[in-house]
Amino acid sequence: MLDLVTAPVLALIANHTGLPAADLARLLGSPAKGVAADLALPCFQPAKAKALPPPKLAAELAAAINAAGLAQAVAAGPFLNLTFPPAQVATALLPALAADPAAALRSRAGSGRNAAIDFSSPNIAKHLAFHHIRSTMIGNSLARIYAAAGWKVTRINFLGDWGTAFGRLISGWKREGLTLAQLEGAADRVTFLNELYVRSSQAAKGDPALEEDARRWSKALEDGDAEARHLWQIFKDASLAEFKRVYALLGVDFDSWKGEAHYEDKMAPVLAELEGKGLTSIDQGATVVDLAAHGLKQFKKPMLLKRADGGTLYATRDLAAADDRFREFAFDRALYVVDLGQSLHFNEWFAAAKLLNRPYADRLRHIGFGVLLVWNDEPGEGLEPGWAKGRTRAGKVMLLREVLEEGIDRARAIIAEKNPDLVGDEREAIARAVGVGAVVFNDLKNARTNDVKFKFEEALRFDGETGPYLQYAHARLCSIERKSAGVSGDPALLARDDEKVVLLALARLQGQLERAVEADEPSIVAQALLALAAAVSSWLTAGNRDPSAKVICDDPAVAAARLTLVRAARGALGEGLCLLGLTAPERM
RNA sequence: GCACUUGUAGCUCAGCUGGAUAGAGCGCUGCCCUCCGAAGGCAGAGGUCGAAGGUUCGAAUCCUUCCGAGUGCGCCA
């Protein structure tokens, strides 16, 4: 969208140098600090193409651009600095932005393509722990970002709904004679199942008969025994109900909930194919694919397909699931939003998919992310305070719901203090948006491969580069809109530099959205929004000292023009927050 | 040992495909509300970009080596 501003200048330079305008656009960058200009073009490469000294070319171009009146151009040595009058920028951009504020964050780059995004993927009968926020919100954000860029997106929650734990749960359930009503009546059904699991394990510790009972139920479940299957479904339903409470808080949903269990009977064909193609071998009783022996020397160890006892492993399940998803969704890209600790696993089975000549083998992407570390200032005897994986002081896992609720509580308190007029349901809704938004934004604002360092006091502070900062800027814009009639004005009346800064921040969003897709990186959007909000805040605050700088100023025509920009910025901020999975309240 | 990730201001991090004096938030100093929302803005102090080589007109960014941190490396997922 920036090209709406730069196109005439780039065309001139392209004409002058014989280089494609698209290549020149990529060279265009921001000027050095202290250089008063909007954009800068380093002339080294174009000069090489024309066999001219860079400063000479810069000077020639500056003269030509100034003569044509396309911008104010200054050659600074080998750099060409461009400054556009605010009105020119506004005239180029504002009509498109005013027509559809979300357009700044829309692209057709991915239209006609399908993306299957696998994220969140919790285990049944276990809590959604705080660390699940990473896969859940990175995945959710990527789903929205891809969709904004024109992709058709399928959101997949690959539930961990299989394994030996169910045998123990069923065994304990039967032994204690529990009922569905008791489970349904529990304050938290997952906690109920967790505690059942713990009791069942402990009881079995000194009792081989109970151990055997759990094993029998595990086998019965695998064999499709009706009662085992029924109880399994009950546990799964109960867990899903709890998960959905948290997903609702986060505003996350899925198109497919097919879990591991769904693939139990779909692995045999993949295994048979691997064997048929002579790719498998037996190593210490286990069935493996020796990737190194098939030319993939980077793999030092073979990939395990089946345990010595015949049980399947998750590489096999992932291959089967990929086949299934490719049939169902015909994906052009499949994302697996899973922590970086599993990159070896993904590299292995992606390689196996290639050995199998799967047409989709090159479309698989592991979207890895760093771990969530929580500051622990009371680590216990003889240990230093420091960053640790998400556990409370007592050593229990931090539950995602509890962290979100604490965020909401803190937000509610701040609203009560700063904006006592907000009460009741509205305050509650805003507390939710702000409290949850703070936690979520904290997780998305930096590159996903970084570890996230979480301190309650830091993440839930509402000033600085935070979700609430963005929401606040949005609320301020809404507030101004509310105070005025909905008229649109003449962009040419936008003459202030701080207005131009806002416009240029808006114009850059589309390119940043596309970069976010290619890098699978929500933080690119997050950083872009921080830049936009900073520009907006600076602009709006200028009106505090200088009444003529106010949006609603004495000149109604100017006010109308500024209001058009307010609406565009508000729309873009709201849309951007949505792409990150935050909501944008109109007041806070 | 091998692999992946990572090392930029006191702390937490940006820095687009290499481009001109490395930016922001927090913290610290000092300002700005009879207010279009101070959950904001303005200004200041604070950095041999882990180290050393190399490629280049130009390197925080690319390559090599080394050092530090985290994680993973067979029957869990």
Side-chain angles (χ1 to χ4, degrees), chain A residues 26-27 29-35 40 42-45 47-48 54 76-79 81 121 123 160 162-165 260 283-288 298-309 311 313-315 317-318 338-345 347 368-371 373 387 411 414-415 417-419 434 445-447 449-453 455 458 461-466 468-469 471-473 475-484 508 511-512 515 519 523-524 526-527 530-531 533-534 537-545 547 549-553 559 562 566 587-588:
Chain A
R26 283 173 37 222
L27 290 175
S30 16
K33 194 69 189 172
V35 175
C43 294
F44 302 97
Q45 286 174 41
K48 196 175 237 175
F79 293 89
N81 292 321
S121 308
N123 290 323
W162 204 246
T164 53
E260 293 167 4
D283 191 345
Q284 295 169 45
T287 306
V288 304
Q298 67 270 38
F299 296 100
K300 304 301 175 198
K301 296 201 173 170
M303 173 179 86
L304 265 80
L305 289 174
K306 267 163 72 176
R307 284 187 257 129
D309 68 5
L313 269 354
Y314 74 149
R317 202 167 356 250
D318 276 334
V338 181
D339 71 275
L340 279 166
Q342 294 194 42
S343 49
L344 179 60
H345 164 248
N347 287 335
F369 53 82
V371 295
L373 300 171
W387 299 105
I414 291 181
I415 294 164
E417 175 200 329
K418 306 211 173 195
N419 207 342
V434 173
K445 76 172 164 183
N446 294 135
T449 48
N450 289 357
D451 290 345
V452 172
K453 291 159 188 160
K455 279 189 195 183
E458 302 271 330
R461 66 177 318 135
F462 295 153
D463 55 356
E465 296 173 325
T466 62
Y469 173 76
Q471 290 167 322
Y472 182 74
R476 273 176 92 176
L477 291 165
C478 288
S479 167
I480 293 173
E481 274 190 279
R482 229 179 283 127
K483 290 192 164 83
S484 54
R508 279 189 259 265
Q512 285 155 330
R515 271 209 301 134
S523 72
I524 292 175
Q527 296 290 336
L530 286 171
S537 296
S538 186
W539 172 44
L540 296 184
T541 307
N544 283 355
R545 301 213 67 179
K550 291 187 179 184
V551 172
I552 304 171
C553 57
R562 288 178 180 165
V566 163
R587 57 182 101 222
M588 63 186 272

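Here is the naming used below: chain letters follow the sequence lines, and residue numbers restart at 1 for every chain. Small disclaimer: the values here were computed from a predicted structure and weren't measured.
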*Give A/Arg587 one of three labels, base, sugar-phosphate or nothing, depending on what nucleic acid heavy atoms sit under 4.0 Å from its own.*
base
*Round to a whole Å and report the spacing from CD of A/Gln298 to P of B/C4.*
10 Å
*Please work out whether B/C49 sits syn or anti, treating a glycosidic angle within 90° of 0 as syn.*
anti
*Which class fits the ring pair A/His345 and A/Tyr314: parallel under 30°, tilted 30 to 60°, perpendicular over 60°?*
parallel
*Would you confirm whether A/Arg587, through its side chain, and A/Ser479, through its main-chain N or O, come within 3.5 Å as a donor-acceptor pair?*
no
*Nearest-Å distance for atom pair CD1/P, residues A/Ile552 and B/C36*: 10 Å
*Rounding to a whole Å, what distance do you find between A/Asp451:CG and B/G7:P?*
11 Å
*Provide, to the nearest angstrom, the distance between the CG atom belonging to A/Asn419 and the P atom belonging to B/G40.*
14 Å
*asked:* Can you measure A/Lys48 atom NZ to B/G58 atom P for me and round it to whole angstrom units?
replied: 11 Å
*Is there a stack between A/Phe79 and B/G19, judged by ring centres under 5.5 Å and planes under 30°?*
no
_Sugar-phosphate, base or nothing in reach of A/Ile480, heavy atoms under 4.0 Å_ = base
*asked:* The side chain of A/Gln284 is closest to which nucleotide in this list: B/A39, B/G74, B/G19?
replied: B/G74
*Within this structure, what is the NZ-to-P distance between A/Lys301 and B/G1, rounded to whole angstrom?*
15 Å
*A/Met588 or A/Val452, whichever maps to the more 5' nucleotide of RNA chain B*: A/Val452
*Answer with base, sugar-phosphate or nothing: what part of the nucleic acid does A/Lys550 contact at a heavy-atom distance below 4.0 Å?*
base
*Pick base, sugar-phosphate or nothing for A/Ala542, based on heavy-atom distances below 4.0 Å to the nucleic acid.*
nothing
*Would you say B/G41 has OP1 or OP2 under 4.0 Å from some side-chain N or O of A/Arg545?*
no
*Give one of base, sugar-phosphate or nothing for A/Asn450, where a contact means two heavy atoms less than 4.0 Å apart.*
sugar-phosphate
*asked:* Could you identify the nucleotide paired to B/A14, looking across every strand shown and requiring Watson-Crick or G-U wobble geometry with both distances under 3.5 Å?
replied: none
*Do any side-chain nitrogens or oxygens of A/Ser484 fall under 4.0 Å of OP1 or OP2 in B/C36?*
no
_Spacing of A/Asn544 atom CG relative to B/C31 atom P, expressed in whole Å_ = 18 Å
_Distance test, side-chain N/O of A/Tyr469 to OP1/OP2 of B/G41, below 4.0 Å_ = yes
*What nucleotide among B/G40, B/U17, B/C42 has an atom nearest to a side-chain atom of A/Ser538?*
B/C42
*Which part of the nucleic acid does A/Gln342 contact within heavy-atom distance under 4.0 Å: base, sugar-phosphate only, or nothing?*
base
*Selected nucleotide, minimal atom distance to A/Val551 side chain, candidates B/U12, B/C36, B/A20*: B/C36
*How would you label the contact of A/Gly160 with the nucleic acid (heavy atoms, under 4.0 Å): base, sugar-phosphate, or nothing?*
nothing
_Under 3.5 Å donor-acceptor pair, A/Asp339 side-chain atoms to B/A77 base atoms_ = no
_Sugar-phosphate only, base, or nothing, as touched by A/Gln512 at under 4.0 Å among non-hydrogen atoms_ = nothing
*If you check every side-chain atom of A/Tyr314, which of B/A77, B/G25, B/G74 has the closest atom?*
B/A77
*Which base, if any, makes a Watson-Crick or G-U wobble pair with B/G27, both distances under 3.5 Å?*
none
*Quick one: on RNA chain B, does A/Thr541 or A/Gly311 contact a more 5' nucleotide (nearest heavy atom)?*
A/Thr541
*asked:* By the 4.0 Å heavy-atom rule, please label A/Leu530 as base, sugar-phosphate, or nothing.
replied: nothing
_Is it the case that atom CZ in A/Arg545 sees more than 12 heavy atoms from other parts of the structure closer than 6.0 Å?_
no
*Please work out if A/Pro31 contacts a base, only the sugar-phosphate, or nothing of the nucleic acid, heavy-atom cut-off 4.0 Å.*
base
*Looking at every strand, decide which applies to A/Val288 at a 4.0 Å heavy-atom threshold: base, sugar-phosphate, or nothing.*
base
*Nearest of B/C57, B/U5, B/A14 to any side-chain atom of A/Ala447?*
B/A14
*Among the candidates B/G40, B/U12, B/A39, find the nucleotide nearest to the side-chain atoms of A/Lys453.*
B/U12
*Could you tell me whether A/Ala473 contacts a base, only the sugar-phosphate backbone, or nothing, with contacts defined as non-hydrogen atoms closer than 4.0 Å?*
nothing
*Rounding to a whole Å, what distance do you find between A/Phe299:CZ and B/G74:P?*
15 Å
*Check whether the side chain of A/Asp283 and the base of B/G74 form a donor-acceptor pair under 3.5 Å.*
yes
*Among B/A14, B/G72, B/G41, which nucleotide sits nearest the side chain of A/Asn446?*
B/A14
_Selection from B/G40, B/A20, B/G74 that lies nearest to any side-chain heavy atom of A/Arg476_ = B/G40
*Looking only at side-chain atoms of A/Ala32, point me to the closest of B/A20, B/G74, B/C57.*
B/A20
*Counting only side-chain N and O atoms of A/Lys418, is one of them less than 4.0 Å from OP1 or OP2 of B/A39?*
yes
*Using the P atom on both, measure B/G27 against B/U71 and round to a whole Å.*
31 Å
*asked:* Let's see if you can work this out: which of B/G74, B/G41, B/A39 has an atom nearest to the side-chain heavy atoms of A/Pro302?
replied: B/G74
*Just how far is it from atom NZ of A/Lys300 to atom CD of A/Gln298, taken to the nearest 0.5 Å?*
8.0 Å
_Between B/C31 and B/U55, how many Å separate the two C1' atoms, rounded to a whole number?_
49 Å
_Using a heavy-atom cut-off of 4.0 Å across all strands, would you classify A/Arg515 as base, sugar-phosphate, or nothing?_
sugar-phosphate
*asked:* Any base atoms under 4.0 Å from A/Met303, or only sugar-phosphate, or nothing? Heavy atoms, all strands.
replied: nothing
